[in-house]
Asker: 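What follows is a single structure, and I will ask about it in a moment.
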There are 2 protein chains.
Amino acid sequence: MAQSQELAELIRLHRKVAKLSRVQLAELAEVGKTVIYNIEHGKESVQLDTLQKILNVLNIKIVLTSPLMEDLQNTENEKG
Amino acid sequence: MAQSQELAELIRLHRKVAKLSRVQLAELAEVGKTVIYNIEHGKESVQLDTLQKILNVLNIKIVLTSPLMEDLQNTENEKG
DNA sequence: AAAATAATGCCGTTATAGCAGTAATTTATT
DNA sequence: AATAAATTACTGCTATAACGGCATTATTTT
């Protein structure tokens with residue numbers, strides 16, 4: 001996934017496009033403003049659930065993929 | 001993304017398929033075994049970077065998507 | 001089936017993520 | 001261009017994620 005720097009800019013970009021200040025985003029996401037500050041300053045060490053709250057507000061989805069999951073997906077579709 | 005329960009089973013499934021014990025996975029991922037134990041027991045509160053280490057070993061990718069990103073992607077491809 | 005080996009479960013401790021508050025800086029208003 | 005308003009930066013504090021160690025349970029070997 002995104003390196004810390006990328007995550008930082010991803011969040012920042014989405015926040016800016018949404019015309020939100022950090023405090024506003026923090027309030028909407030129901031997290032402290034420090035988290036957003038930290039993330040945007042390249043700190044990769046964020047709780048998954050905290051990040052999720054922020055991503056939800058910004059309409060960003062986390063998708064997990066793997067060869068195994070794709071295989072299972074395919075097998076699922078081939079049944080018949 | 002996956003709820004905690006789903007993440008738990010996602011990790012467990014991949015670990016099992018890879019024939020790894022928690023301790024082995026922990027060592028490969030260079031994290032404590034407690035983290036894996038916690039995740040597999042449905043604890044959503046995990047550090048992103050810690051989770052990343054585990055997912056790397058299990059060959060699971062985190063992908064972030066959003067309408068905005070897709071728009072930018074499209075605009076990028078339409079240049080010409 | 002006993003012994004040995006391995007895996008899982010759980011606990012006390014420690015480092016730190018996330019918190020609210022305040023200072024500094026930037027932007028908007030008159 | 002002052003003043004006000006808003007945003008960002010930084011700080012000390014607290015709750016807890018992650019750690020290793022030990023106990024328990026499961027699996028394998030003889």
Side-chain angles (χ1 to χ4, degrees), chain A residues 1-69 72, chain B residues 1-69 72:
Chain A
M1 202 226 14
Q3 296 304 322
S4 61
Q5 198 58 18
E6 297 173 36
L7 182 64
E9 276 158 35
L10 182 80
I11 298 285
R12 178 168 232 130
L13 173 64
H14 281 75
R15 179 170 68 79
K16 287 299 181 186
V17 169
K19 303 263 189 198
L20 294 172
S21 73
R22 287 191 190 142
V23 173
Q24 286 175 317
L25 176 53
E27 280 167 358
L28 288 171
E30 296 182 307
V31 302
K33 58 200 154 72
T34 311
V35 188
I36 294 160
Y37 173 83
N38 286 341
I39 294 175
E40 290 192 2
H41 281 250
K43 197 171 188 179
E44 184 85 343
S45 46
V46 188
Q47 297 288 339
L48 179 61
D49 51 357
T50 302
L51 179 63
Q52 291 249 52
K53 289 183 192 170
I54 297 166
L55 297 183
N56 280 344
V57 173
L58 298 175
N59 203 18
I60 302 172
K61 245 199 281 189
I62 297 182
V63 181
L64 298 182
T65 65
S66 76
L68 176 56
M69 288 170 79
L72 292 177
Chain B
M1 198 221 23
Q3 296 304 322
S4 62
Q5 198 58 18
E6 298 173 36
L7 183 64
E9 276 158 37
L10 182 80
I11 298 285
R12 179 169 233 130
L13 173 65
H14 281 76
R15 180 170 67 79
K16 288 298 182 188
V17 169
K19 303 261 189 201
L20 294 171
S21 74
R22 288 192 190 141
V23 174
Q24 286 175 316
L25 176 54
E27 280 167 359
L28 288 171
E30 295 182 308
V31 301
K33 59 193 155 72
T34 310
V35 188
I36 294 159
Y37 173 82
N38 285 342
I39 294 175
E40 290 192 1
H41 281 250
K43 198 172 189 179
E44 184 85 341
S45 46
V46 188
Q47 297 288 338
L48 178 62
D49 52 357
T50 302
L51 180 63
Q52 291 250 50
K53 289 182 192 170
I54 296 166
L55 296 182
N56 281 344
V57 173
L58 297 175
N59 204 19
I60 302 172
K61 246 199 282 190
I62 297 182
V63 181
L64 299 181
T65 64
S66 75
L68 176 56
M69 288 170 80
L72 293 176

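Here is the naming used below: chain letters follow the sequence lines, and residue numbers restart at 1 for every chain.
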Asker: Heavy atoms of chain A, cut-off under 4.0 Å: which first and last nucleotide of DNA chain C, 5' to 3', fall inside that, if you could look?
Answerer: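 It runs C:dA17 to C:dT22.
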Asker: What parts of residues 15-28 of chain B reach DNA chain D, counting only heavy atoms under 4.0 Å away?
Answerer: none
Asker: Roughly how far, to the nearest 0.5 Å, is NE2 of A:H14 from OG of B:S66?
Answerer: 2.5 Å
Asker: About how many Å separate CG of A:L48 and NZ of B:K43, when rounded to the nearest 0.5 Å?
Answerer: 13.0 Å
Asker: Any salt bridge (charged side-chain N to carboxylate O under 4.0 Å, His left out) pairs touching residues 11-22 of chain B, not counting sequence neighbours?
Answerer: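 As it turns out, the salt bridge (charged side-chain N to carboxylate O under 4.0 Å, His left out) pairs with a partner in residues 11-22 of chain B, which skip direct neighbours, are B:R12-B:E40, B:R15-B:E40, B:R22-B:E40.
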Asker: Looking at five pairs on each end of the helix from C:dA1-D:dT30 to C:dT30-D:dA1, what is the angle between the two axes, given to 10 degrees?
Answerer: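 The angle, to the nearest 10 degrees, is 50°.
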Asker: Quick one: CG on B:L55 to CD1 on B:I62, what's the gap to the nearest 0.5 Å?
Answerer: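 Those atoms lie 5.0 Å apart.
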Asker: Got a second to check how far B:L13's CG is from B:L58's CG, nearest 0.5 Å?
Answerer: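 Here the rounded value is 9.5 Å.
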Asker: Evaluate the side-chain proximity of B:L64 to A:L7: yes if any heavy-atom separation is below 4.5 Å, no if none is.
Answerer: yes
Asker: Taking the nucleotide of DNA chain C with the nearest heavy atom to each, does A:N38 or B:R12 sit closer to the 5' end?
Answerer: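 The residue mapped nearer the 5' terminus is B:R12.
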Asker: Report yes if some heavy atom in the side chain of A:S45 is under 4.5 Å from a heavy atom in the side chain of B:D49; otherwise report no.
Answerer: yes
Asker: At a cut-off of 3.5 Å, list every protein nitrogen or oxygen paired with a nitrogen or oxygen from nucleotides 10-13 of chain D, distance to 0.1 Å.
Answerer:
residue : atom : partner : partner atom : Å
D:dC10  : OP2  : A:Y37   : OH           : 2.7

Asker: Would you kindly give the CD-to-P distance between B:Q47 and D:dA15, to the nearest whole Å?
Answerer: 18 Å
Asker: Between B:V63 and B:T65, is any pair of side-chain heavy atoms under 4.5 Å apart?
Answerer: yes
Asker: Test B:E44 against A:Q47 for side chain to side chain donor-acceptor pair (under 3.5 Å), laying out the working first.
Answerer: CA-CA 9 Å; B:E44 184 85 341; A:Q47 297 288 339; over 6 Å; no
Asker: Please report the interatomic distance CD1(A:I60) to CD1(A:I11), rounded to the nearest 0.5 Å.
Answerer: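 The CD1 atom of A:I11 is 5.0 Å from CD1 of A:I60, to the nearest 0.5 Å.
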Asker: Please check: side-chain N/O of B:E9 versus main-chain N/O of B:E6, any donor-acceptor pairing under 3.5 Å?
Answerer: no
Asker: Can you tell me how far apart NE2 (B:H41) and CG (B:N38) are? Round to the nearest 0.5 Å.
Answerer: 8.0 Å
Asker: Scan the side chains in residues 29-37 of chain B for donor-acceptor partners under 3.5 Å anywhere in the protein, sequence neighbours excluded, and list what turns up.
Answerer:
none

